[in-house]
Amino acid sequence: MESTVLSESQKFRKLNTFKTTYMVLFLSVLIGRFVSLYWVIPHVFDTVAFVGLVCCAGVFVLFDLFGKKKIFDLPNIIFLVLFFVSCSISCLIYIRYGWADNFKSLMSIAMSLFFLYPYSLVVGIEEFEKTVILLQKITIISWMIFSLISIYTFVVQYSKIFYIHGTRILLGCIENRLFGIFSDPNYASVISIITMIFSVAILNYKEQSKFIKIISIVNIFIQFIYLVLGASRTGEVCFLFVLFVSSFVFSYRVNNKKNFWVLILRVILSLCLCLIVHFAIDFSRMLLSYIPSLFVHGSSNNSGTGIGLYQVSMERPDVAESSDISNLRFRIWGSAIDIFKTTWFFGASPRNALKYAKDVLPNAFIAQRGYDAHNFYIATIFYTGVSGSLFLGIFFAKSAFEVIRYYVVNKFEVNNPIFNSLTLCIICTAVSGMFLSEILFITTVGYFFFWLFSGYVINLIKKESTYSKDR
């Protein structure tokens, strides 16, 4: 009997080791996809890698379904199942516009809902936390290296645009903002903020080497510089929102008095801090604009004579030369809602929405420009209709309520750096979803972290709540 139990325990450990290796590989591929030059390789290799990752995740899910079925023990999982069913129906309804892209999208959604979200429950909290710390270190080191290379392209004022395999590749400083080696500074800036959160968390973990702590401190400064030079308004909004939440929660450690006026004071002080940091970002951008003149003389992108110290322009033409403060997003969102009204119950499906728009409302702004929704929440309504967005909305609302209640019950004194850091990463990605579509419909690093961390946070809250009731 003991040998049988030992054998099962060994199998479980081996399986978890394999899963950890898989998670490292999965994250590495997603990080690689952020680098512009990744797309120099033929798309078929990326497709093969994605299919391989999906199949492997599918095997893990099936292993659990035919085993202990832990996947169904997570709170609110039923709403994700119903959302997936609704999304699948939407894809079937509009299969006449094509099935392959929607099938890949469904596989990506299934990975997030049924593999990443329940992952902490399947492998166990302790094993999950070990894996997360490893993933945090990998992300910090790799993103720091990529950001350093990107900052170097700013210093030497390198810029290049070319096409390979039909894909537009942008490198260096493009239109007075830093792309660097990243394919999109908006998505890159969000991950920069997440790695800053990771770095702060590493500094609070016990038994971490001095080397990784030094790397974490350096990384915070490097990512702040990239955030400044990337000139992503999405990134700045996310950064300020995370800063507001962090300072508000931290204020309870300084003074845990609870009354209305103290609450108002906390909010005001947190807002003042965000305002100061906003001006600090602008001031830093102005200072950094002089750096290239120390290394590159006679640049074509300067506002002076090319002799001595001068500023390179940091003014984005798409912002400065446009009266639309949203950079066309309001028109895109309005167009998406107009198209949604024509197929309001099941939506237009994730990958056939644009084809549907061109067919039904060819004069719509999205149909003419070929834009995506640029907002995850509007995209959910547009792609999955009332049915899908209702189930996903209930899931988000219930999950958010549980997290807020957990902090309130604990008087905002949650002394778990892993829990706190992952919660901030979820908040950061959720805010970015107001301007990007990466939470579910685009397979990115943000998508990976959002669902992986959400499952852990909800799982831990459930475990601690159950423990308290048992006591």
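Note that the structure is a prediction, hence the values are computed from the model and not measured.
With Ser189 as the fixed residue, the side-chain contact (heavy atoms from CB on, under 4.5 Å) test singles out one of Leu227, Val228, Leu229: Leu227.
Within 6.0 Å of the OH atom in Tyr158, the count of heavy atoms belonging to other residues, nucleotides or ligands exceeds 12.
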Residues Thr443, Ser108; criterion side chain to side chain donor-acceptor pair (under 3.5 Å); working and verdict: CA-CA 7 Å; Thr443 311; Ser108 177; 2.6 Å; yes
Carefully, step by step, assess Phe60 and Tyr22 under the rule ring-ring contact (aromatic ring centres under 6.0 Å, His included). CA-CA 10 Å; Phe60 290 139; Tyr22 169 82; 5.4 Å; yes
Take Phe146 and Tyr226, measure what ring-ring contact (aromatic ring centres under 6.0 Å, His included) needs, and give me the verdict at the end. CA-CA 10 Å; Phe146 293 155; Tyr226 181 80; over 10 Å; no
Candidate pair Phe376 and Tyr447, rule ring-ring contact (aromatic ring centres under 6.0 Å, His included), full reasoning: CA-CA 11 Å; Phe376 164 73; Tyr447 147 103; over 10 Å; no
Might you work through the side-chain contact (heavy atoms from CB on, under 4.5 Å) test for Ile133 and Tyr205, ending with a clear yes or no? CA-CA 9 Å; Ile133 292 174; Tyr205 294 159; 3.8 Å; yes
For Phe248 and Tyr252: C-alpha separation, side-chain torsions, deciding distance, then whether ring-ring contact (aromatic ring centres under 6.0 Å, His included) applies. CA-CA 7 Å; Phe248 179 82; Tyr252 278 88; 5.6 Å; yes
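Counting only N and O atoms by type, the side chains of Ser86 and Ser387 include a donor and acceptor under 3.5 Å apart.
Judged purely by atom type and a 3.5 angstrom limit, Trp143 has no side-chain atom pairing as donor or acceptor with the backbone of Ile138. In this structure, the side chain of Ser147 does not engage the main chain of Gln223 through any donor-acceptor pair within 3.5 Å. Using modelled atom types, one side-chain atom of Asn176 and one backbone atom of Glu315 make a donor-acceptor pair closer than 3.5 Å. Arg266 places a side-chain N or O within 3.5 Å of a backbone atom of Ser251 that can act as its donor or acceptor partner. Formation of a donor-acceptor pair under 3.5 Å by the Ser399 side chain with backbone atoms of Phe396 is not found in this model. Of the possible donor and acceptor atoms, one in the side chain of Asn420 sits under 3.5 Å from a partner among the backbone N and O of Val414. No side-chain donor-acceptor contact under 3.5 Å links Asn219 to the backbone of Ile215. Counting only distance, with no hydrogens or angles, the side chain of Ser335 and the backbone of Ile366 share a donor-acceptor pair below 3.5 Å. Remark: side-chain polar atoms of Ser389 are not paired, donor with acceptor, to backbone N or O of Ile381 under 3.5 angstrom.
The ring of Phe84 has its center no closer than 6.0 angstrom to the ring center of Phe391. Residues Tyr456 and Phe128 place their aromatic rings such that the two centres sit under 6.0 Å apart.
Within the 4.5 Å cutoff, the side chain of Ile197 has heavy atoms near those of the Ser421 side chain. In this structure the side chain of Phe83 reaches within 4.5 angstrom of the side chain of Ile109, judged on heavy atoms. Using a 4.5 Å heavy-atom cutoff, the side chains of Val403 and Ile458 are in contact. In this structure the side chain of Phe279 reaches within 4.5 angstrom of the side chain of Leu275, judged on heavy atoms. Residues Phe26 and Leu116 meet the side-chain proximity criterion, which asks for heavy atoms closer than 4.5 Å. Put simply, the side chain of Thr195 does not reach to within 4.5 Å of the side chain of Met144, judged on heavy atoms. Asn186 places none of its side-chain heavy atoms less than 4.5 Å from the side chain of Val190. Residues Asp372 and Ile442 form a side-chain contact, since some pair of their non-hydrogen atoms from C-beta on lies under 4.5 Å apart.
A distance of 13.0 Å separates CE of Met196 from CD1 of Ile191, quoted to the nearest 0.5 Å. To the nearest 0.5 Å, the span separating CG on Leu392 from CG on Leu80 amounts to 7.0 Å. Rounding to the nearest 0.5 Å places CZ of Phe453 at 10.0 Å from CD1 of Ile418. Atoms OH and CD, on Tyr119 and Glu127 in that order, are 7.0 Å from each other to the nearest 0.5 Å. Taken from CD1 in Ile149 to CG in Leu171, the straight-line distance is 11.0 Å, to the nearest 0.5 Å. Put simply, CZ on Phe224 and CD1 on Ile193 are 11.0 Å apart, with the number rounded to the nearest 0.5 Å.
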For residues 422-434, which side-chain N or O atoms pair as donor and acceptor with protein atoms under 3.5 Å away, sequence neighbours left out?
residue : atom : partner : partner atom : Å
Thr423  : OG1  : Phe419  : O            : 2.8
Thr429  : OG1  : Cys425  : O            : 2.8
Ser432  : OG   : Thr429  : O            : 2.6

Just list the side-chain donor-acceptor pairs under 3.5 Å for residues 235-247, sequence neighbours left out, or say none.
residue : atom : partner : partner atom : Å
Glu236  : OE2  : His278  : ND1          : 2.5
Ser246  : OG   : Val242  : O            : 2.8
Ser247  : OG   : Leu243  : O            : 3.0
Ser247  : OG   : Phe244  : O            : 3.0
Ser247  : OG   : Ser270  : OG           : 3.1

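The aromatic rings of Tyr117 and Trp451 sit perpendicular, their planes meeting at an angle over 60°, well past the 30° parallel limit.
Qualifying side chain to side chain donor-acceptor pair (under 3.5 Å) partners for Ser142, counting only residues two or more places apart in sequence or in other chains: none.
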